Amino acid sequence: MNTSRSRGRTPRTLRVAALAVLLTTGAFTPSASADSARTETPVGTSGGVTETVVRVKAPLPASFGARPAACDWLSYLRYRSSSGPASSADADRVLVAQPGILEGAGAFDSVARNTVTRAAEQGRHIEFWALDRRSNCLEDRTGIASGDQHTAVDYYYRGKQVQGRTFAGFVGNDKLEWMAKLGIEQTVRDEYDLLAAELPDQGVRKAKVLCGGHSLGGVITGYFAAADFDGDPATTADAGHNQCAGYFALDTTVSTSLADLSGSIPDDTNLPDVGLGYGVVQAGLDSGLLPRSLSAPVLLNPETMTLLAIAGVGALQDPGGEADLPSYLPANTNIEATNRFLFSKDTATFLTGSPAVKDFRLTNEAILGSLMDDQSVPLAFLQSSVGFFDGGTVTDKNFPAANGSSSQPGLFGTEYKAIPAQPHGPLYTWRNYDRVGDPDDPGYRSSDGTPFTVAGKEVTDIQELARSMAAQPLDFTEQYFPTKLVTDIELATSPQVKRLVVHPDGLTANPTLTVLAGDGLLAGRVPADLHPVVADGYQHLDVLTAAPVQNNGRPEPVSTALTEFARTPR
């Protein structure tokens, strides 16, 4: 191992101890205000960063109708320097981050820790709030929180109890009537209400809060900046742009358009045709004729997204152990289609299902890498750069798109894809990001001679990714993403949505930091007028998941840029 690349990383023994603390979240007693309108529960402290999960009661209007009681609360992960002030109002800065499409608060774990740590090293105490959208209230983390992969599978797919609780099942469209109204207006209102509850002094918010997000979170931030929250445009203390000292955009732009997010929504999702017009789409959502949550038949639905966290559990529980997850999972259409999509080297393999993923010997880390790495998963907005396969020969993965055929990231990205080539053969292990390019690296190449990867394009530690996916009280993904949130933004010129942009100058009223992934959704079409910081070699998720020290020995650039932006006087 090239030890120069490991500087600044937490030793494995300490990481395991810290993860054990994270997995025992339920053992802590939350602190609560006298009227129980707020709870703050410790998650753990490691590396000088204290993490808690905060829940604030914020009931929806009665017009939303019946919904689970948990959906009248807003939640976020709060990261702060352990040596800093206990009160958020006393922090030097508070970064508030909106997640992207199908994304939850847990996805911000690494960038939040890196940023808080970097600032503390400079003598400044900042906080990072990773927001959960309200729809995440429908998720049940009980099986994942057990810390055992078999227990999690049994809980979600076999009806077995965990700590006296039985999984109620994945929620169908008929149970999501209240989500038909959960669009951009309520989403930005939720952010405002949360900020006002947590930092009641508007002057403190204006002086200290930096508003931003990842992917779709940049667009939500744009609507927030342009919004008015008291119904009177003439009074601007409540205006969105006056709740923030600045904006930050992570592989996105602060805007009110989806134009810069090409490839972030797969074509095969159940997103309705917005050409029908706002009124027809809304009527379809209200009646249930249209899907109230966004999903796709492969990987992107509540059942299969749960598999991502379960794979993370295995990678934490026994990283180098031989995985039995593919054979332990129940056989059903969703899981079979996802396995074929991810593990088929060509169309013929996809159609026949042979060889199947269960025919290969893979470690638990290799399973997670197969599900999330940019040399494996075809969907660009799900890709991270966590290393590469090891232990056996690999071959080109030419399904659903052929290697070398894409000149723009789009849906599938530009990285060459690979798949193990020896069913019933050797145990395939996972070479972590910081071991790519080491002397013992086999240097796998595609059939046309192109290296599948190089050290400069690997940036995320697979164990940190596993922690974000499996050891957080709030999910990495968003299993029930509100369809209306996307259709509202796609219908931005309709009167019903256009009226929400009350202060259009709010988008440029504050300084903006734009950080882009070099190989992400905006690769090849970077808006130069934004003077972005470009993280070379990064994929769309890497801006959130990258390790604190990179393969060039330098500090991680996204958190470095955020720290500098937070330090600059406003």
Side-chain angles (χ1 to χ4, degrees), residues 1 12 15 107 110 149 299 304-305 307-326 329 338-339 341-345 357-397 413 415-422 425-438 441-444 446 451-455 457-471 476-477 519 537-542 544-547 551:
M1 181 175 178
R12 178 174 291 274
R15 292 206 312 271
S110 288
Q149 195 171 65
L299 194 58
T304 50
M305 281 194 286
L307 294 179
L308 298 177
I310 293 176
V313 169
L316 290 180
Q317 186 181 18
D318 187 9
E322 184 167 355
D324 67 353
L325 181 62
L329 286 168
T338 296
N339 283 340
F341 184 72
L342 293 176
F343 291 93
S344 293
K345 67 176 182 178
V357 58
K358 63 183 63 176
D359 295 326
F360 295 91
R361 299 178 61 211
L362 302 162
T363 64
N364 287 306
E365 277 193 339
I367 288 287
L368 180 60
S370 299
L371 291 171
M372 297 298 295
D373 188 65
D374 56 346
Q375 267 76 50
S376 182
V377 65
L379 303 175
F381 69 97
L382 277 177
Q383 293 174 356
S384 56
S385 307
V386 292
F388 197 72
F389 293 106
D390 206 345
T393 59
V394 299
T395 189
D396 291 67
K397 176 176 167 55
E415 299 303 316
Y416 276 48
K417 306 297 186 289
I419 193 168
Q422 298 172 264
L427 177 64
Y428 283 88
T429 59
W430 193 257
R431 179 171 289 267
N432 202 7
Y433 89 105
D434 61 347
R435 293 187 58 233
V436 172
D438 279 358
D441 187 344
Y444 295 109
S446 171
F452 280 111
T453 190
V454 294
K457 285 182 172 286
E458 300 301 331
V459 302
T460 291
D461 186 317
I462 195 165
Q463 281 292 300
E464 290 187 14
L465 179 63
R467 178 192 66 202
S468 298
M469 300 184 77
F476 188 101
T477 59
D519 294 332
Y538 278 44
Q539 296 292 343
H540 188 54
L541 283 183
D542 287 324
L544 305 184
T545 62
N551 280 333

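Quantities reported herein were computed from a predicted structural model and do not represent experimental measurements.
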A.B. asks: Going by ring pair (Phe, Tyr, Trp, His ring centres under 6.0 Å), name the residues that satisfy it together with F388, two or more places apart in sequence or in a different chain.
C.D. replies: Y444, F452

A.B. asks: Could you tell me whether a side-chain N or O of Q463 sits under 3.5 Å from a main-chain N or O of A315, the two making a donor and an acceptor?
C.D. replies: yes

A.B. asks: Applying side chain to side chain donor-acceptor pair (under 3.5 Å) between D374 and each of K417, Q539, H540, Q383, report the one that passes.
C.D. replies: Q539

A.B. asks: Taking salt bridge (Lys or Arg N to Asp or Glu O under 4.0 Å) as the test, write out the residues that go with K457, two or more places apart.
C.D. replies: E415, D519

A.B. asks: Is the backbone of Q317 close enough, under 3.5 Å, to the side chain of Q149 for a donor and an acceptor to pair up by distance?
C.D. replies: no

A.B. asks: How many angstroms lie between CG in L325 and CG in L362, if you round to the nearest 0.5 Å?
C.D. replies: 10.5 Å

A.B. asks: With T429, which residues qualify under side chain to side chain contact (heavy atoms under 4.5 Å, CB included), at least two apart?
C.D. replies: T363, D390

A.B. asks: Could you tell me which non-hydrogen atom of A421 sits nearest to which non-hydrogen atom of Y428, and how far apart they are?
C.D. replies: N-OH, 3.2 Å

A.B. asks: Identify, with sequence neighbours excluded, every residue that meets ring pair (Phe, Tyr, Trp, His ring centres under 6.0 Å) alongside F343.
C.D. replies: none

A.B. asks: Would F476 and M372 satisfy side-chain contact (heavy atoms from CB on, under 4.5 Å), going step by step from the backbone distance to the final call?
C.D. replies: CA-CA 12 Å; F476 188 101; M372 297 298 295; 4.2 Å; yes

A.B. asks: Are any side-chain N or O atoms of D373 and backbone N or O atoms of G369, one a donor and one an acceptor, separated by less than 3.5 Å?
C.D. replies: no

A.B. asks: State which residues pass side chain to side chain contact (heavy atoms under 4.5 Å, CB included) with A546; sequence neighbours excluded, sorted by chain then number.
C.D. replies: V459, T460, Y538, Q550, E556

A.B. asks: With sequence neighbours excluded, tell me which residues meet side chain to side chain contact (heavy atoms under 4.5 Å, CB included) with D318.
C.D. replies: N364

A.B. asks: Where is the tightest heavy-atom contact between G387 and V436, given as atom of each residue plus distance?
C.D. replies: CA-CG2, 4.0 Å

A.B. asks: Which heavy atom in A309 sits nearest to a heavy atom in M469, and how many Å separate them?
C.D. replies: CB-O, 3.5 Å

